[in-house]
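Since the structure is predicted, the reported quantities are computational estimates derived from the model, not experimental observations. We number each residue from 1, following the sequence as shown.
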Amino acid sequence: MESEIYRPLGLTDDEFKLIVHQLGREPNLVELAMFSIMWSEHCSYKSSRIHLRRLPTSGPRVIMGPGENAGVVAATDKISVAIRMESHNHPSAIEPTQGAATGVGGILRDIFTVGARPTALLDSLWMGTQDDPRSRWIFDGVVGGISSYGNAVGVPTVGGEIHFAPPYAENPLVNVVAVGIAETTQLVRALASGAGNHVVLLGAATGRDGIGGVSVLASSGFDNASSDKRPSVQVGDPFEEKKLIEACLRLLDAKLVVGIQDLGGAGLTCATSETAANAGNGMEVIVDKVPVRETGMTPMEILCSESQERMLAIVTPEHLEAVLAICEAEEVLATVIGTVTPPDEEGIYAGRGVLRAYFDGALVAEIPAAALADEAPLYDRPQQEPAMFRVRTDQSVVPPDDWHPIALEVLKTLDFDPSSIYRRYDHMLFRNTLVTPGADASLLAIRAPGVGGTELAMALSVDGNQLWSRSDPKSGTLAVVAESLANLACVGATPVALVDCLNFGNPEHPEVMWQFSEAIDGITEICTALGVPVIGGNVSFYNEAYGSDIDPTPVVASIGYRPLPTHPVPDPRRASGSVILVTTGETPSLSGSVFAEIIGDRRGSFPTIDLERLNHLLGVIAELVTADDLVNAATNLGAGGLLAGAVKLARLAAKGLRIELEDASVEALLAEHPSRFLLVTEQPAALVNYLLGEGLETAIIGELGGDAIEYEDWLHLVR
């Protein structure tokens, strides 16, 4: 092709040759743009699919798994829960407020696309340190975008986490989790079934915002030209989204649509090709009929725009009038833009469903739908274990003799009060929230307007720890999953499923692909052993700035169920009494810890976890928390070890905490491992006897009560 115009679109020479082979000819510019976005890393997962296949995805409660708009797990025989996790990293770095807001809007559409009413949001935010003005600007914009969109659309943000570290100054991470509740019979898949059915575009008019977002912005790293990508960030409208939610749920409740798909990354090209390919059909789209809000838009711009708050519905002719009437009542624009077609009977594409787009009466694109949606190249990219990793795993962190001042630095590093964020979020909408933000996990009653209630509650936790994953991508990522499941146990829940957001650097770097593959193995090992299926997720590659990759940052969101509480759930914010340390007996490590990071010692790797013992421990903790007498608070020990966990407990309770330890060494206080909990009880003897009977190591280490304390005073007690 003249001037190799495909290269600026993110396509390689070999990929262009494959496109020519798929079409039997060279593509025109419109077709080339459509391939560039659908074959981008963001849409096609061409570097990760080969590894993601190793994840366990099935389980007794799984209704929908990877490949659908959202994962779905059964709660009862009639009610299901949908969950989805996505990233909006690069858009948030360019335009923090709109980047984060449109990330929320997009993931909410994934939830109601499967027929579930969105009922909760969580987020995992990774930012540069706040002594940098640009990082403060990004942080404030991201939090503002999440709060303004979520609050306005009417979906509560019930939990999350925030991390500040230098690797995320230029490339912040904004990972969002959405959850919804549905009647199981109302669930719907993204299928363009039935030749002759109408293709109806719902929602906002199409503009030029977001064009090239998935290929140019989300599938490349940052450099000095990144500010030029600002027009690739979409602009969201939460009020339009709210109307779209109500219209779509009414359509699904009345069973007026055959299939439905949101227009997120890759816009109309993605929605049309994926729904057609999923059903083995083709589609004819009249691009002129797409409502636009800007003059002079070309077919390529309309097909590739990532304008927000849009859905594609497949409707039978007999239901079209009813669909249009509901959309008019909900003040949602609805336009018939095409028709589902059967596979070609003859010609070069015989037996294949073909997506054909027309503009001003002329055919502007003719591509087999599956070529766009399913037949992107699959890469098994080279992997290489970093030389530093091989050297340092045989060594150990060596703390300085006078480590107490560094312990204070650990506490200061973890000193950010998340309430300054979640106070900006409405977390009580629907009045389902039973445990509010700030605890180890959120807890919500499983009920929603128009859906009904159950005798169950769902626990949600989102977790990541880049120091653990960097220390050892396999065992560290396994530990991240362990911590997320441990957080569920702290509110009495048993895990039923997991979704992930895998944030890594440039996949063309062999060291990054090694980190990614190892992380997949870690998730696979623990989820297989504990019977927790991975029902969906997101891979975010090219998180790099000026040639430097971020630390490997896999983030997981877990969901668990427990009986609906009949009494207040144990919560550190209401706790008092004796503090008990309970563990499986495994030795924590300074490797990969906050302490080791502060002293600049990256030797060693994160310790392995005995998964059988962990599973037993999680079951015991969950059972204790759901009981009504022995435990009034439970918290898992993660970053910062026992020292940070104890101070966090005291702060949440707004009480003093006196600790007496037989071993007050740096390892005892600051080493990290997720298989450890602090329990607070008014009946210490009974609780200790119970835990010992379960074969768990247990010790009464202190008393929670009295006036609040300062770090220095607490350290003085344990020295």
Side-chain angles (χ1 to χ4, degrees), residues 19 22-25 27-38 43 189-203 205-206 251 256-263 266-292 297-307 310-321 323-324 327 333-375:
I19 292 170
Q22 292 272 23
L23 296 180
R25 57 178 171 79
N28 62 37
L29 291 179
V30 175
E31 294 166 334
L32 192 62
M34 295 168 73
F35 271 107
S36 77
I37 56 179
M38 291 302 294
C43 286
R189 299 176 188 267
L191 295 172
S193 302
N197 285 339
H198 296 295
V199 179
V200 184
L201 184 61
L202 311 176
T206 298
L251 294 175
L256 294 176
V257 299
V258 175
I260 195 166
Q261 170 79 305
D262 78 294
L263 275 70
L268 191 59
T269 294
C270 179
T272 53
S273 63
E274 286 190 350
T275 54
N278 289 345
N281 284 324
M283 190 177 291
E284 290 186 353
V285 177
I286 312 302
V287 182
D288 314 56
K289 292 188 176 182
V290 174
V292 297
M297 290 188 68
T298 66
M300 180 174 65
E301 291 174 325
I302 296 171
L303 287 165
C304 298
S305 169
E306 295 178 12
S307 293
R310 299 181 299 160
M311 304 286 288
L312 194 76
I314 309 301
V315 181
T316 61
E318 60 266 28
H319 288 151
L320 179 60
E321 186 175 341
V323 167
L324 297 179
C327 290
L333 184 63
T335 308
V336 178
I337 65 167
T339 306
V340 177
T341 58
D344 282 15
E345 294 183 356
E346 56 185 25
I348 189 173
Y349 302 132
R352 306 197 74 185
V354 180
L355 174 62
R356 292 182 171 91
Y358 297 86
F359 188 82
D360 197 21
L363 180 66
V364 295
E366 183 180 39
I367 307 172
L372 290 169
D374 302 325
E375 297 171 7

Are any non-hydrogen side-chain atoms of [X] and [Y] less than 4.5 angstrom apart?
X	Y	value
Val340	Val258	no
Pro291	Leu333	yes
Asn197	Pro317	yes

Any donor-acceptor pair under 3.5 Å from Ser305 side chain to Ile302 backbone: no
Between Tyr349 and Leu23 (side chain of the first, backbone of the second, donor and acceptor by atom type, cut-off under 3.5 Å), is there such a pair? yes
Which heavy atom of [X] sits nearest a heavy atom of [Y], and at what distance?
X	Y	answer
Ile314	Ser193	CG2-O, 3.8 Å
Ala205	Val292	CB-C, 4.0 Å
Leu251	Cys327	CD1-SG, 4.3 Å
Ile367	Leu372	CG2-CG, 3.7 Å
Val199	Thr339	CG2-N, 3.7 Å
Ala373	Met38	CA-CE, 4.0 Å

In this structure, which one of Glu301, Arg310, Glu306 forms a side-chain hydrogen bond (donor to acceptor under 3.5 Å, both in side chains) with Thr206? Arg310
[atom1]/[X] to [atom2]/[Y] distance, rounded to the nearest 0.5 angstrom?
X	Y	atom1	atom2	answer
Thr275	Arg189	OG1	CZ	15.0 Å
Arg356	Thr272	CZ	OG1	13.5 Å
Leu32	Ile19	CG	CD1	6.0 Å
Thr335	His198	OG1	NE2	13.0 Å
Asn28	Glu366	CG	CD	10.0 Å
Met34	Cys270	CE	SG	10.5 Å

Would you please name every residue forming a salt bridge (charged side-chain N to carboxylate O under 4.0 Å, His left out) with Arg352, sequence neighbours left out? Glu375
Please determine whether the number of non-hydrogen atoms from other residues, nucleotides or ligands lying under 6.0 Å from atom CD of Glu318 exceeds 12. yes
Under 3.5 Å donor-acceptor pairs involving side-chain atoms of residues 276-289, not counting sequence neighbours:
unit_1	atom_1	unit_2	atom_2	d
Asn278	ND2	Ala190	O	2.8
Asn278	ND2	Glu274	O	3.2
Asn281	ND2	Ala192	O	3.0
Asp288	OD1	Asp360	N	3.0
Asp288	OD2	Asp360	N	2.6

Contacts of type side chain to side chain contact (heavy atoms under 4.5 Å, CB included), residue Ala195, not counting sequence neighbours: Pro342
Stepwise side chain to side chain contact (heavy atoms under 4.5 Å, CB included) check, Ile337 with Leu268: CA-CA 11 Å; Ile337 65 167; Leu268 191 59; 3.9 Å; yes
List the steps, then state whether side chain to side chain contact (heavy atoms under 4.5 Å, CB included) holds for Leu256 with Val315. CA-CA 7 Å; Leu256 294 176; Val315 181; 5.9 Å; no
Candidate pair Val200 and Met311, rule side chain to side chain contact (heavy atoms under 4.5 Å, CB included), full reasoning: CA-CA 8 Å; Val200 184; Met311 304 286 288; over 6 Å; no
Determine, stepwise, if the pair Val290 / Leu201 fulfils side chain to side chain contact (heavy atoms under 4.5 Å, CB included). CA-CA 8 Å; Val290 174; Leu201 184 61; 3.7 Å; yes
